[in-house]
Amino acid sequence: MKNKYFKHPALIALAVLSLASCKKDKVGEEAIEPYTVPATYNFAGVDYSSSTNRIIMYNEMNTYLGTVTSAEVSNTVLLNYWNNTGNPFTTNTFLNSLGYNLAAKTADAAVITGYMAKVASNSLSRTVPAVNGTAGFLTRVNGSKVIVGPEGMNYNQAVNKGTMGSLYFKQALDLLAAVPADDNTNPKGATPTAMQKHWDEAFGYLAVPKDYSPDLDYTVAPLSALVFPAKPGAWGGYLAERGKQINAGKTLFDAFLKGRAAIGAKDYKVRDEAIATIKTTWERLDAISALAYVILPQKSDFIGKKGDQFGYISEGYGFIIGLKFRPSTSKLTEANYQKLVSIFTTNYYTLVDDPGLAKLKEAESILRTTYDLQNVTF
């Protein structure tokens with residue numbers, strides 16, 4: 001016998017409302033459970049130590065590179081750092097036995113090692129005043145020295161910022177590109193899924209602490225006393241130094257938090273939105289950093305001060321290297337990218353001795369227009 005009460009219009013409406021209130025969003029055939037995005041990167045099972053350790057490896061190598069103004073730099077020693085051979089790490093000795101290195105994860109590694117060789121060879125001229133065609137030292141406004149090649153490039157900066165682009169940035173983008181196809185069958189299990197693991201490793205290359213805050217100034221006490229990874233390093237440092245005007249720190253950190261939480265709930269729509277945000281913002285952070293170092297050598301304080309001008313342009317070139325690895329959705333055309341490379345690899349004496357600084361202004365225009373940085377100032 002049929003239940004007569006279900007024929008009553010009010011009861012039918014109540015039943016429909018009840019079913020609707022219990023309905024969950026769908027991803028394919030799976031329901032998305034409610035989830036919360038935390039304020040810190042303290043997810044269960046997080047491990048991005050391989051990313052962090054590579055940054056620590058480079059930091060120690062960079063300390064050795066920094067001795068170029070006062071001592072001969074050995075290319076053999078640099079390659080030992082790069083390849084993690086011969087137990088090169090003396091400050092962080094645990095790195096020597098990890099079984100991985102910088103070389104294997106760096107795109108265009110031969111370019112970076114070529115610049116390392118230039119640092120070593122130019123160190124032999126560290127006591128020679130640099131002039132066009134001759135490697136040597138230049139003095140900055142603050143009295144510090146910079147060692148440059150015959151064409152004026154400070155190869156320390158090409159190595160440093162080039163590694164940030166061709167290793168950290170490139171690896172992060174590659175890891176994020178792999179995420180959508182990764183296994184995520186049991187994201188609440190005892191061990192992270194492949195998707196969670198790749199996401200965490202990508203986050204590691206941003207080089208910020210788990211409790212990062214864009215509102216904190218890590219350059220003043222007591223935070224300045226901290227050492228990476230307890231405080232930002234590499235790209236993490238540039239979130240504040242150059243990225244503040246585009247809100248890069250909050251945007252990137254929030255996107256990594258949101259995407260990781262979404263993976264735990266299998267909310268792949270939100271995950272993919274986070275990936276898109278990270279790619280766009282990180283590329284823009286690279287671009288605004290390059291822009292800073294094309295604007296600064298044009299400022300009146302540094303006109304005629306080649307030590308400062310060449311240091312800035314060299315640093316800018318390092319960031320231009322990173323833009324080679326920009327995502328396919330980038331607004332930077334290949335023609336404009338090649339134009340930027342051409343400008344930043346022009347003889348630096350020629351660049352700054354041009355009364356109108358035409359090539360630097362052209363590079364500035366490309367970066368401002370492409371990345372919507374018209375109102376940025378340095």
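Keep in mind that what you see is a predicted model, and the values were worked out from it rather than measured.
Within 6.0 Å of atom CG in Asn42, more than 12 heavy atoms from other residues, nucleotides or ligands are found, so the atom counts as buried in its surroundings. Counting non-hydrogen atoms of other residues, nucleotides and ligands closer than 6.0 Å to NZ of Lys118 gives a total of 12 or fewer. Around atom NZ of Lys305, more than 12 heavy atoms belonging to other residues, nucleotides or ligands sit under 6.0 Å away.
Two rings, from Phe325 and Phe169, have their centers 6.0 Å or more apart. Ring centroid separation for the pair Trp199 and Phe256 comes in under the 6.0 Å cut-off. Checked against the 6.0 Å centroid criterion, the rings of Tyr293 and Phe378 do not qualify as a close aromatic pair.
Separating the NZ atom in Lys339 from the CD atom in Glu334 is a distance of 13.5 Å, to the nearest 0.5 Å. A distance of 10.5 Å separates CG of Asp272 from CG of Leu176, quoted to the nearest 0.5 Å. Taking CG of Leu285 as the start and CZ of Arg242 as the end, the distance is 11.0 Å to the nearest 0.5 Å. Separation of atoms CG (Leu124) and OG1 (Thr127) is listed at 9.5 Å; rounding is to 0.5 Å. Interatomic distance, Ser51 OG to Asp200 CG, rounded to the nearest 0.5 Å: 9.0 Å.
Take Thr345 and apply the side-chain contact (heavy atoms from CB on, under 4.5 Å) test, not counting sequence neighbours, and it matches Tyr317, Val341.
Using modelled atom types and a 3.5 Å distance limit, the side chains of Thr193 and Asn184 yield a donor-acceptor pair. In summary, the side chains of Tyr100 and Asn53 do present a donor paired with an acceptor at a separation below 3.5 Å, with no hydrogens or angles considered. For the residue pair Gln309/Gln298, the side-chain donor-acceptor check at 3.5 Å is not satisfied.
A salt bridge does not link Asp354 to Lys359: none of the charged nitrogens lies less than 4.0 Å from a carboxylate oxygen. With respect to the salt-bridge test (charged N to carboxylate O, under 4.0 angstrom), the residues Lys269 and Glu273 qualify. In summary, Lys306 and Asp353 engage in a salt bridge, as defined by a charged side-chain N under 4.0 Å from a carboxylate O. Between Asp254 and Lys258 no salt bridge is recorded (no basic side-chain N to carboxylate O distance below 4.0 Å).
The side-chain tip of Lys210 does not point at the ring of Tyr41 from less than 6.0 angstrom away and within 45° of straight on. For the pair Arg326 and Tyr337, the cation sits on the ring face: its NZ or CZ lies under 6.0 Å from the ring centre, inside 45° of the axis.
Each of Tyr64 and Val227 belongs to its own hydrophobic cluster when Ile, Leu, Val, Met, Phe, Trp and Tyr are linked at side-chain heavy-atom distances under 4.5 angstrom. Residues Val220 and Tyr212 do not share a hydrophobic cluster, clusters being chains of Ile/Leu/Val/Met/Phe/Trp/Tyr side chains in contact below 4.5 Å.
Between Phe319 and Met164, the closest heavy-atom pair is CE2-CE, 4.0 Å. Taking each heavy atom of Ser123 and Val73 in turn, the nearest pair found is OG-N, 3.0 Å. Taking every heavy atom of both residues into account, Ile343 and Leu351 meet most closely at O-CD1, 3.5 Å.
Under the 30°/60° scheme for interplanar angles, the aromatic rings of Trp235 and Trp282 are found to stand perpendicular.
Among the candidates Asp372, Thr370, Thr280, Thr369, the single residue satisfying the side-chain contact (heavy atoms from CB on, under 4.5 Å) test with Lys331 is Thr370.
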### Task
List the steps and the verdict of salt bridge (charged side-chain N to carboxylate O under 4.0 Å, His left out) for Asp108 and Lys324.
CA-CA 10 Å; Asp108 289 351; Lys324 176 179 180 179; 2.4 Å; yes
